[in-house]
Protein chains: 2
Amino acid sequence: MPNNQFKRGELYSFITGMASTALARRLQKNFKQAGIEITIEQWSVLYHLWKEDGLSQQDLCVRSFRDKPSITRLVDNLEKLKLVKRVPSKNDRRINLIYVTEAALHLQEETMNMANQTLNEALEGVSKEDIERCKEVLQQVYDNLNQGVR
Amino acid sequence: MPNNQFKRGELYSFITGMASTALARRLQKNFKQAGIEITIEQWSVLYHLWKEDGLSQQDLCVRSFRDKPSITRLVDNLEKLKLVKRVPSKNDRRINLIYVTEAALHLQEETMNMANQTLNEALEGVSKEDIERCKEVLQQVYDNLNQGVR
DNA sequence: TTGATTTAGTTGCATAACTAACTATATGCC
DNA sequence: GGCATATAGTTAGTTATGCAACTAAATCAA
């Protein structure tokens, strides 16, 4: 029997990710109250593009832990909102490079501040050390589940 | 400045709950490979009913951290699959009490074992102590975000 | 050069989530 | 009793996710 055997009845919140769900909901609410009409999922795509503009959809898949259809549709919706633009790559015509627009850049500062502030509220009373430890555990869980998968 | 100020670029995986998503996906795949044709969300409702049968939909909302429409539809789908039954309460006719069927009871042992095993695989290499610490952090995050909310 | 395989992205279908608005029953106050 | 309010659940509309099947372009091999 593995020494970290999980007792029944303890697994539910781990599987459902209730903390991250609550956090996403709160951030969504904060966006709305500030009159920012994008979803958290759309924001999370912009987040990666703000860090590095001109990523391919495939890059976005990897970085945002989503599958290809999800990214296709998030980019669709972001394009409708005129927050990003698809630009076909000249080297490889299969590839779309995604660039943020001026409008999206205007959102960056405010939404990043809101995200940081929301996260800090969520982590109120939790020590830096415990946060680090928790992040490591979650990363390990992710890695365990994806080893051997490509 | 709060002493647990989160640095930019570190928040993404926390918000998206990539670990819990990966875990849910893996468990779903394991169900499918075993020929069990229910979704993780449906399973999570059954999970609460196995612990305590005859809960109201409202009870299920609270315990599964979902809103009312979500539970309505999950119960709809579970009822179609003949895994639960809605029984109107005699004391209060607004209330539906949800009971698992024989068919659902047959799923309990196997799926709970699969869930525990999947979780143990996910937590391979993580110490009991770190798991505890991580659970406490996630609980604290949830509580922080829901204090003052009812 | 042609034909098989891989890669990037899209489309279709089912399930699930949130919000808002709705119905029906129960409760509380006058 | 009667009306306002609260509670349990449903319905409708939009967005997102997962899977499977698909198209188009690129690569690799004979």
Side-chain angles (χ1 to χ4, degrees), chain A residues 15-18 20-33 37-45 55-62 64-81 83-84 86-98 149-150, chain B residues 15-18 20-33 37-45 55-62 64-81 83-84 86-98 149-150:
Chain A
I15 290 179
T16 54
M18 64 172 195
S20 58
T21 304
L23 186 53
R25 248 188 314 236
R26 168 64 56 92
L27 186 53
Q28 180 76 73
K29 192 177 287 182
N30 290 349
F31 280 179
K32 189 159 197 181
Q33 280 175 357
E37 295 290 336
I38 59 173
T39 67
I40 295 307
E41 292 82 3
Q42 291 165 359
W43 175 83
S44 77
V45 170
L55 293 172
S56 70
Q57 295 188 196
Q58 186 58 43
D59 292 333
L60 287 170
C61 289
V62 173
S64 72
F65 309 104
R66 289 186 171 89
D67 65 356
K68 292 190 292 174
S70 294
I71 291 298
T72 292
R73 267 156 246 197
L74 284 170
V75 172
D76 284 350
N77 287 335
L78 284 167
E79 220 173 17
K80 275 185 215 152
L81 294 169
L83 293 173
V84 305
R86 280 183 171 95
V87 178
S89 165
K90 292 188 177 172
N91 305 326
D92 185 337
R93 287 189 299 160
R94 291 172 305 181
I95 296 177
N96 290 333
L97 301 177
I98 313 299
V149 181
R150 38 164 297 101
Chain B
I15 292 179
T16 53
M18 63 172 195
S20 57
T21 305
L23 186 55
R25 237 179 338 224
R26 168 64 57 92
L27 186 52
Q28 179 76 75
K29 191 177 288 184
N30 290 349
F31 280 1
K32 190 159 195 182
Q33 280 177 358
E37 295 291 335
I38 60 174
T39 67
I40 295 306
E41 292 82 2
Q42 290 165 1
W43 175 80
S44 76
V45 171
L55 294 173
S56 71
Q57 295 189 195
Q58 187 58 42
D59 292 333
L60 287 170
C61 288
V62 173
S64 72
F65 310 105
R66 290 187 171 90
D67 63 357
K68 291 191 291 173
S70 295
I71 291 298
T72 293
R73 264 159 242 192
L74 283 170
V75 172
D76 284 350
N77 286 335
L78 283 167
E79 220 174 16
K80 275 184 214 153
L81 293 170
L83 293 173
V84 305
R86 280 183 171 94
V87 178
S89 164
K90 292 187 177 172
N91 304 327
D92 185 338
R93 287 189 299 158
R94 292 171 303 181
I95 295 177
N96 291 332
L97 302 177
I98 313 300
V149 180
R150 35 162 293 100

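Everything numeric here is computed off the predicted structure, so don't read it as measured data. In the text below, chain A, chain B and the rest are named by the order of the sequence lines, each starting its count at 1.
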Send over the distance from [X] [atom1] to [N] [atom2], rounded to a whole Å.
X: B:D76; N: D:dG9; atom1: CG; atom2: P; value: 12 Å
X: B:R93; N: C:dT23; atom1: CZ; atom2: P; value: 18 Å
X: B:Q58; N: D:dA6; atom1: CD; atom2: P; value: 16 Å
X: B:K32; N: C:dA14; atom1: NZ; atom2: C1'; value: 11 Å
X: B:N96; N: C:dT23; atom1: CG; atom2: C1'; value: 13 Å
X: B:R94; N: C:dT23; atom1: CZ; atom2: C1'; value: 13 Å
X: B:K68; N: C:dT23; atom1: NZ; atom2: C1'; value: 11 Å
X: B:M18; N: D:dG18; atom1: CE; atom2: C1'; value: 19 Å

Under 4.0 angstrom, heavy atoms only, what part of the nucleic acid is B:I71 near: base, sugar-phosphate, or nothing? nothing
Any donor-acceptor pair under 3.5 Å linking the side chain of A:S70 with the backbone of A:R66?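 Answer holds: no.
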Inspect the contact between A:E79 and A:R86 and indicate whether a charged nitrogen and a carboxylate oxygen are less than 4.0 angstrom apart.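 A salt bridge is present here (some side-chain N lies under 4.0 Å from a carboxylate O).
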Taking 4.0 angstrom as the limit, do B:R25 and A:D67 come out as a salt bridge? no
[X] side-chain N/O to [N] phosphate OP1/OP2 under 4.0 Å:
X: A:T39; N: D:dA16; answer: yes
X: B:R73; N: C:dC18; answer: no
X: A:R66; N: D:dA16; answer: no
X: A:T21; N: C:dA17; answer: no

The side chain of B:D67 lies closest to which of these nucleotides: D:dT15, C:dC18, C:dT15? C:dC18
Among C:dA16, D:dA16, D:dT10, find the nucleotide with the atom closest to the side chain of B:N77. C:dA16
Map A:N91 and B:T72 onto DNA chain D by nearest heavy atom, then report which one ends up closer to the 5' terminus. B:T72
5'-most contact on DNA chain D: A:E41 or B:Q28, nearest heavy atom basis? A:E41
Nearest-nucleotide 5' precedence on DNA chain C, B:P69 against A:D92: A:D92
Can you confirm whether the side chains of B:S56 and B:D59 place a donor and an acceptor under 3.5 Å from each other? yes
Heavy-atom distance under 4.5 Å between the side chains of A:S64 and A:I71, does that happen here?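 Heavy-atom side-chain distance check passes, below 4.5 Å.
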